[in-house]
Amino acid sequence: MEKYDIVIIGGGPAGVTIAEQIRKENKNISVCILSEEKVLPYYRLRLGYYLQNPIDEKFFLKSSEWYQVNNIKLMLNSKVEECNFKEKFVVSRGQKIEWDYLVIASGSKPYLPEQMRNEKLQNFVFTFRSYEDLLALKKRVAQAGRVVIVGAGLLGLELASALEGKETTIVELSKRILPKQLDEVASFLLEEHIVKKGIKIILDNKIENVEYHQNGLKITLSSGQAIECDLLIFSAGVVPNTEFINSQEDILNSKKGIDVNYKMQTKLPNVYACGDVAYIDGQNPGTWTFALESAKIVAKNILGFEAFYQNNPLPYFLKAFGYEVVSAGDMQNLQNANILEFLDKSSMIYKKFVVKNNKITAYLLLNDTKAHLQLSKFLNSHVDIKLLESFLK
């Protein structure tokens with residue numbers, strides 16, 4: 001049986017960030033990362049790019065040498081099967097591994113409806129969130145001419161952009177694309193641009209039925225519309241990876257995520273959670289930024305530097321179809337707000353700032369994102385309106 005000071009479940013950005021932060025402060029604490037992936041931790045946000053490009057070293061968060069030099073034990077292909085909180089050990093590949101501190105950073109997996117788990121459909125229905133998904137899709141995409149993507153979220157749009165040249169249809173449950181991140185103007189502009197690229201977008205619809213049909217699939221939507229395709233990719237929602245946790249432990253919420261306080265601590269002593277599995281006040285932002293920030297909070301608290309998550313609005317980023325979008329804060333609750341806007345449709349540049357009580361509470365930048373870094377520093381802080389107006393030009 002092996003023992004480590006810190007065992008991290010999950011080899012995503014959160015897990016790697018914890019190990020990196022620990023090593024910056026302490027060279028002696030033993031750290032083990034358990035990853036169920038077969039390859040080194042990688043940039044999930046770059047999956048779309050590598051769908052049409054060969055995988056290179058830029059795909060990975062760190063080189064294999066980095067883990068060796070920093071004396072971090074990285075165990076690949078090591079899915080956690082059991083987690084015993086009372087006796088402080090986990091089981092992976094039949095091996096017991098003891099810990100003093102445990103960090104659950106196991107991420108999430110794509111939601112896939114039960115009806116899509118049909119064996120007859122397995123060569124036609126895919127998800128797109130992991131390295132294994134990437135490899136599987138790389139093989140199939142070359143043979144597919146007609147693709148349907150379920151979900152017009154950030155990853156779904158990036159995927160559609162990567163598949164440019166295919167006959168692609170996006171099916172979205174909401175009445176417009178990216179309703180959480182964009183306002184109606186930006187949604188319309190982006191949708192208009194995507195459609196001009198030859199991609200079809202069907203809003204306010206969901207899939208009711210999928211069946212094998214003429215060497216492909218026939219999809220029936222809630223509106224009654226039928227679509228034929230060679231490939232169906234689900235990019236609509238995720239589920240936390242917490243199957244290894246006994247539900248009787250009482251740290252899982254109704255969404256199967258792990259409830260934590262603002263120090264990223266669970267109810268259990270010396271057990272932390274961060275990234276996609278961690279829920280603060282019942283919410284998980286599900287962003288890359290949150291994964292990194294919450295991981296840094298975990299590392300500081302384990303090291304004895306008391307730190308709290310600030311719960312500031314986290315930015316969303318999209319690079320797709322030659323567009324770049326940055327959105328931060330609440331774009332929906334605009335009552336009693338002062339709105340500053342700029343639109344140049346000829347160059348497809350749109351900017352919007354939301355100010356309440358002389359504080360900037362949200363901003364949106366479409367196709368001109370240079371001001372993002374400065375604006376992010378002012379978010380939820382008092383700001384000079386004249387300064388904001390200078391960013392609109």
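When a residue number appears, it is its place in the shown sequence, counting from 1. Just so you know, these numbers come straight off a predicted model, no measurement behind them. Below, each value reflects all heavy atoms present in this structure, side chains not excepted, and no hydrogens, waters or symmetry copies.
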Q: Take Asp276 and Arg129 through the test salt bridge (Lys or Arg N to Asp or Glu O under 4.0 Å) and record every step on the way to the result.
A: CA-CA 13 Å; Asp276 282 359; Arg129 196 171 175 82; 2.7 Å; yes
Check: [Y] main-chain N/O paired with [X] side-chain donor or acceptor under 3.5 Å:
X      : Y      : value
Ser327 : Leu182 : no
Arg176 : Asp183 : yes
Ser106 : Gly10  : no
Asp384 : Lys386 : yes
Glu158 : Gly48  : no
Lys351 : Phe391 : yes
Asn270 : Asp100 : yes
Arg46  : Lys58  : yes
Ser222 : Asn205 : no
Asp230 : Gly216 : no

Over all atoms of both residues, closest heavy-atom pair of [X] and [Y]:
X      : Y      : value
Ser78  : Leu34  : O-CB, 4.0 Å
Met264 : Ile280 : SD-CD1, 3.8 Å
Asn380 : Lys359 : O-CD, 3.8 Å
Pro41  : Leu74  : CD-CD2, 3.7 Å
Arg146 : Cys229 : O-CB, 3.6 Å
Leu203 : Ser174 : CB-O, 3.6 Å

Side-chain heavy atoms of [X] within contact of [Y], under 4.5 Å:
X      : Y      : result
Thr17  : Lys296 : yes
Thr361 : Asp330 : no
Tyr272 : Val260 : no
Trp66  : Leu61  : no
Tyr42  : Ile55  : no
Ile9   : Phe244 : yes
Ile97  : Met75  : yes
Leu318 : Leu190 : yes

Answer yes or no: does atom [atom1] of [X] have more than 12 heavy-atom neighbours from other residues, nucleotides or ligands under 6.0 Å?
X      : atom1 : answer
Lys88  : NZ    : yes
Lys79  : NZ    : no
Lys62  : NZ    : yes
Lys138 : NZ    : yes
Lys263 : NZ    : yes
Asn357 : CG    : no

Where does the angle between the aromatic ring planes of [X] and [Y] fall among parallel (under 30°), tilted (30 to 60°) and perpendicular (over 60°)?
X      : Y      : value
His193 : Tyr323 : parallel
Trp288 : Tyr43  : parallel
Phe59  : Tyr50  : perpendicular

Same cluster or not: [X] versus [Y], using hydrophobic residues (I, L, V, M, F, W, Y) connected whenever any side-chain heavy atoms lie under 4.5 Å apart?
X      : Y      : result
Leu173 : Ile177 : no
Ile227 : Leu217 : yes
Tyr111 : Val148 : no
Tyr309 : Leu303 : yes
Ile258 : Val103 : yes

Ionic contact status for [Y] with [X], cut-off 4.0 Å:
X      : Y      : result
Glu36  : Lys109 : no
Glu2   : Lys73  : no
Glu192 : Lys345 : yes

Output for pair (Ile207 CD1, Leu221 CG), nearest 0.5 Å, gives 6.5 Å
Here the gap from Glu20 atom CD to Leu292 atom CG, rounded to the nearest 0.5 Å, amounts to 9.5 Å
*asked:* Testing the 3.5 Å rule here: is there a donor-acceptor pair between the side chains of Tyr262 and Gln310?
replied: no
field: Glu37 side chain to Ser35 side chain, donor-acceptor N/O pair below 3.5 angstrom
entry: no
